[in-house]
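These notes are about the structure you will find just below.
Order of the sequence lines sets the chain letters (A, B, ...), proteins ahead of strands, with each chain counted from 1. Quick note: numbers below take in every heavy atom, side chains included, and nothing from hydrogens, waters or symmetry partners.
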There are 2 protein chains.
Amino acid sequence: MKRAKISSNVIRRLPRYLRKLDELTYDGTDRISSSELGRQMGLTPSQIRQDFSCFGEFGQQGYGYNIETLRKEISQILGMDRGYNIVLIGVGNLGHALIENFGFSGHGYNLLAAFDVKPALIGTQFAGVYINDMATLPDFLNSNKVDIVVLTVPRRAANSTAALITDCGVKAIWNFTNIELSINNPNVLVEDIHFSDSLLTLGYYLTDAASPGSDD
Amino acid sequence: MKRAKISSNVIRRLPRYLRKLDELTYDGTDRISSSELGRQMGLTPSQIRQDFSCFGEFGQQGYGYNIETLRKEISQILGMDRGYNIVLIGVGNLGHALIENFGFSGHGYNLLAAFDVKPALIGTQFAGVYINDMATLPDFLNSNKVDIVVLTVPRRAANSTAALITDCGVKAIWNFTNIELSINNPNVLVEDIHFSDSLLTLGYYLTDAASPGSDD
DNA sequence: TAGATTGTTAATCGATTAACAATC
DNA sequence: TAGATTGTTAATCGATTAACAATC
């Protein structure tokens, strides 16, 4: 498997391809050319072929790409077949929403358990996932291979929780706390969902769209 | 106000600057140079000066940038002073989480109301925001200036709801449904929060990090 | 076979970085 | 004033697009 210096732009397009391929499969399509895929996704055929060629040769001249094959390749590149184990910390509304609606298993992940400090939550379960006492978290992390932690704790607990879990060897954090985590271990991966960055960006474009026409 | 062809890369860094400036303000700092800001954010001083210079001259030679001034400029560029009105549609766990925890007003937005189809929810309120019957949505949109709709409905309702609201003149959608909305009006702005894209990206890097060292 | 479409190399375009005169 | 740091122009780097020989 060739894996070398692939740009983050390419990587972030892979899940989009995957989503599109699922949609095409659902619609009953079984093959597609780079030009048709580009048309549907708003990308150039060149870019699509370049993107795929970072990882191998998945197409066939004169035919295009077989959707099932391509989907399998991309899901493998993304590691969806690795059965990564996940733990969620902080079962507020957002944590709750992710447990019940995100569909971890549908993406190839195992959501092993959730943790919270709130006594009323401890021992209950949502969608088959038990909520455990935060106090038992280090023990849990030490006795289970946990690949990814979903961090949905309140902002004030973000950095201390991050420190706790990275000390226990967790190497990847899916961060919903809307702060930039300060982690001194350079091997820990952090993927942020910054709600506010997203909404403010939308606010910019809205302001921009209103600007040139009339300066009200 | 100069507004011309500013790249999306620049725009998406603006909220990050804002977050950093808020943090610096909280820490009691009142000025900063592009090199120190770059050091703290992992950007080059050149890039920071280039970014800001897209919008004006906010610094001072030999001094740097006044944090309060810079913050005000950026928040204006993002349109945070425009008092945009927002409506949220779909009060499941996620919608609920956003209403209670996102802090729309803290970002300069007015969350006017929420809508859902579930009878048990209609007429109740969370954090002072009333949940109204979806059936009353068109009336509401026609009699109120609603700038942005937060779309937190189930996936199956995504496109029909998007069609409904764009027909009522809504020009911006903050989309949490994890599908690519099909909207035929090119003037409607859509900003997606694709949870799965984010997690899959993290999965890629995790897989990648495990790859070169040992192929286990 | 002829037509279609890939994978890849070369060309272009845009974004980031470096350099430096201007100036607080 | 001297030192620091900006805003901006030029240089570099990287990503996207175009072109085309290979081939299914």
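Two residues are said to be in side-chain contact when any heavy atoms from C-beta on lie closer than 4.5 Å; A/Leu88 and A/Leu98 meet this criterion. Side-chain contact between B/Glu191 and B/Ile148: absent, with no pair of heavy atoms (C-beta onward) separated by less than 4.5 Å.
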**Request:** Apply the test salt bridge (Lys or Arg N to Asp or Glu O under 4.0 Å) to residues A/Arg12 and B/Asp197: give CA-CA distance (whole Å), side-chain angles for both, the deciding distance (0.1 Å), then the verdict.
**Result:** CA-CA 7 Å; A/Arg12 289 186 183 275; B/Asp197 288 18; over 6 Å; no

**Request:** Let me see the working for B/Glu23 and B/Lys20 under salt bridge (Lys or Arg N to Asp or Glu O under 4.0 Å), right down to the final yes or no.
**Result:** CA-CA 5 Å; B/Glu23 192 190 302; B/Lys20 187 66 188 177; 3.2 Å; yes

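Following rounding to the nearest Å, A/Arg49 (CZ) and C/dA10 (P) show an atom-to-atom distance of 16 Å. Atom CG in B/Leu70 sits about 13 Å away from atom C1' in D/dT6, given to the nearest Å. Regarding B/Leu37, its CG atom lies at a distance of 10 Å from the P atom of D/dT6, rounded to whole Å. Taking atom CG of B/Leu43 as the reference point, atom P of C/dA18 lies 13 Å away to the nearest angstrom. Taking atom CD on A/Gln60 and atom C1' on C/dG3, their separation rounds to 14 Å, with Å as the unit. Following rounding to the nearest Å, A/Phe52 (CZ) and C/dG7 (P) show an atom-to-atom distance of 9 Å. Computed from coordinates, the B/Asn9 CG to D/dC13 P distance equals 19 Å when rounded to whole Å. Atom CD in B/Gln47 sits roughly 14 Å away from atom C1' in D/dT12 (whole-Å rounding).
Here C/dG7 is the nucleotide among D/dA15, D/dT8, C/dG7 with the atom lying nearest to any side-chain atom of A/Glu57. Closest to the side chain of A/Arg13, from the set D/dG7, D/dT16, D/dT5, is D/dT16. Of the candidate nucleotides D/dG7, D/dT23, D/dT5, D/dT23 has the atom lying nearest to any side-chain atom of A/Gln61.
Here the side chain of A/Arg16 pairs a donor or acceptor atom with the backbone of A/Met41 at under 3.5 angstrom.
Between B/Ser34 and D/dT5 there is no side-chain polar atom (N or O) within less than 4.0 angstrom of OP1 or OP2. In this model, the phosphate group of D/dA4 is not approached by any side-chain N or O of B/Tyr65 to a distance below 4.0 Å at OP1 or OP2.
Using a 3.5 Å distance cut-off with no hydrogens or angles, the side chains of A/Asp192 and A/Asn175 do pair a donor with an acceptor. Side-chain atoms of A/Thr29 and A/Asp27 form no donor-acceptor pair, as typed in the model, at a separation below 3.5 Å.
Looking at A/Ser46, its side chain comes within 3.5 Å of the base of D/dA18 through a donor and an acceptor atom. In terms of polar N and O atoms assigned as donor or acceptor, the side chain of A/Gln50 never comes within less than 3.5 Å of the base of C/dT6 in a complementary pairing.
Between B/Phe58 and A/Asp51, the residue anchored nearer the 5' end of DNA chain D, judged by the nucleotide with its closest heavy atom, is B/Phe58.
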**Fill in**
Pairing string of DNA chain D (Watson-Crick or G-U wobble, both atom distances under 3.5 Å; | = paired to other strand) is ..||||||||||||||||||||||

